[in-house]
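First up is the structure itself, then whatever we jot down about it.
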Amino acid sequence: MAPTALGFLPVAQPLDLEKSIESGQVFLWRRHDGWFCGPLGGKIAHLRQVEGGLEFEMASNSQEEVIAAIHAFLRLNDPIEEILRQLQADPHLREPLQRNHGLRILRQDPWECLLSFVCSIDANIPRIRSMINALAGHCGQELSLGECRLPAIPNPETLAEVGEAKLRELGLGFRAKYVDPLAKTIAAGEIDLESLRSRPTDEARKTLMLLKGVGEKVADCALVFSLDKLDAFPLDRWVRRAVQEWYFDGEAIPDRAIQAWAKEHFGGYAGYAQQYLFYRRRLDAGRSTF
DNA sequence: CAGGTC
DNA sequence: ACTGG
């Protein structure tokens, strides 16, 4: 039995674990006995929000290591008060900021993130979940903690062996023709995702978009949700609609014009603004199929 | 009809 | 285009 670290991490800042995990950023996390169970820093973790902080349980022999991993995943070092203060200057964000108080951007593994959002193409959130679970279930390492079992995202090398036909069988549909070469390219070391963290946003974005199946939107998701580029602004159909309706009087605006506007209007934390716009627009549409 | 891409 | 929630 692997050593397990459990404990309590005081959190004195806006954080809603449930909203953050169930806002379409991560797709392997699940509820289990009032806890959230999911991959964290290559291991499996249990998290539960209680008064004043988080209870955690994770396979590790060091509490400090676990706490560091939680800090990284939940981005507890972000200047969240400053970010919220900036976003509150926008009247359209005030209501979503209140209603979704504590909704945070998460920092997930870049490979897991990129793979997930290539699978997100033209799919809804339950379908993305099902694809990622099928994929991980087929060739990912099985992690377990207590009674919770969780297939890990297969590494690129393992996934590269699966082949496009099998990926289709696993329910990926036409996305299989992107995921297969994606895994092979990353496995071959042609692009080092982790190294993009230290590159400027534009450069990292262009590099990601060299990959087949990675367009502007998927690249921006990887930038915001895994590579610390909080200035990127993932523009999906919901956010596009929200921006058109709320800021441009229903007028159709070209994507690059929206991007320029977002950069000007939201600045360095456009990624956070996007997540609140997305969340609110989804709820208002009455399709909160999270 | 779905957190787009080539 | 694939297909399933």
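Sequence lines set the chain letters: A, B, ... in the order given, protein chains first and strands last, and positions in each chain run from 1.
Atom C1' of nucleotide B:dG4 and atom CG of A:Leu115 are separated by 16 Å, given to the nearest angstrom. Atom CD1 of A:Ile125 and atom C1' of C:dG4 are 15 Å apart (whole Å). A:Arg127 has its CZ atom 13 Å from the P atom of B:dG4, to the nearest Å. When rounded to the nearest whole Å, the span between CZ of A:Phe27 and P of B:dA2 equals 15 Å. At whole-Å resolution of the value, CG in A:Leu114 and P in B:dG4 are 15 Å apart. One atom, CZ of A:Phe117, and another, C1' of B:dT5, lie 16 Å apart when rounded to the nearest Å. When rounded to the nearest whole Å, the span between CZ of A:Arg281 and P of B:dC1 equals 14 Å.
Ring centroids of A:His46 and A:Phe36 are separated by 6.0 Å or more, keeping the two rings apart. Taking the six-membered ring for Trp and the full ring otherwise, A:Phe225 and A:Phe117 have centroids separated by under 6.0 Å.
OP1 or OP2 of B:dG4 lies within a sub-4.0 Å distance of a side-chain N or O belonging to A:Arg237. For B:dA2, neither phosphate oxygen OP1 nor OP2 lies less than 4.0 angstrom from any side-chain nitrogen or oxygen of A:Arg129.
A distance-only check finds a donor-acceptor pair linking the side chain of A:Asp236 to the backbone of A:Trp238 [under 3.5 Å]. Between the side chain of A:Trp35 and the backbone N or O of A:Glu55 there is no donor-acceptor pair closer than 3.5 Å. Distance alone, capped at 3.5 Å, is enough to place a donor-acceptor pair between the A:Ser20 side chain and the A:Arg104 backbone. Using a distance-only test at 3.5 Å, with no hydrogens or angles considered, a donor-acceptor pair links the side chain of A:Arg197 to the main chain of A:Ser226.
No side-chain N or O of A:His101 forms a donor-acceptor pair with one of A:Asp16 less than 3.5 Å apart.
Connection of A:Ile153 to A:Ile121 is established within a shared hydrophobic cluster, with ILVMFWY side chains joined at heavy-atom distances below 4.5 Å, either directly or through further cluster members.
Of the candidate nucleotides C:dC2, C:dG4, B:dG4, C:dG4 has the atom nearest to the side chain of A:Asn124.
Residues from residues 201-228 of chain A that place a heavy atom under 4.0 Å from any atom of DNA chain C: there are none. Within residues 162-188 of chain A, the residues that place at least one heavy atom under 4.0 Å from DNA chain C are, in residue-number order, A:Arg168, A:Gly173, A:Phe174, A:Arg175.
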Review point. Is there a disulfide (SG to SG under 2.5 Å) between A:Cys113 and A:Cys221 once you walk through the steps?
Key: CA-CA 8 Å; A:Cys113 187; A:Cys221 284; over 6 Å; no

Exercise for review: Give the intermediate values and the outcome of side chain to side chain donor-acceptor pair (under 3.5 Å) for residues A:Arg280 and A:Gln275.
Suggested key: CA-CA 9 Å; A:Arg280 179 185 170 191; A:Gln275 194 62 11; over 6 Å; no

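Between A:Tyr272 and A:Tyr276, the two ring planes are parallel [angle under 30°; tilted spans 30° to 60°]. A:Tyr178 and A:Phe174 have perpendicular rings, their planes meeting at more than 60° on a 0 to 90° scale where under 30° would count as parallel.
With hydrogens and angles ignored, no donor-acceptor pair under 3.5 angstrom links the side chain of A:Asp122 to the base of B:dC1.
Helical stems of DNA chain B (runs of at least 3 Watson-Crick or G-U pairs, donor-acceptor distances under 3.5 Å) are absent.
In this structure, A:Ile121 and A:Ser130 both approach DNA chain C, and ranking their closest nucleotides by distance from the 5' end singles out A:Ile121.
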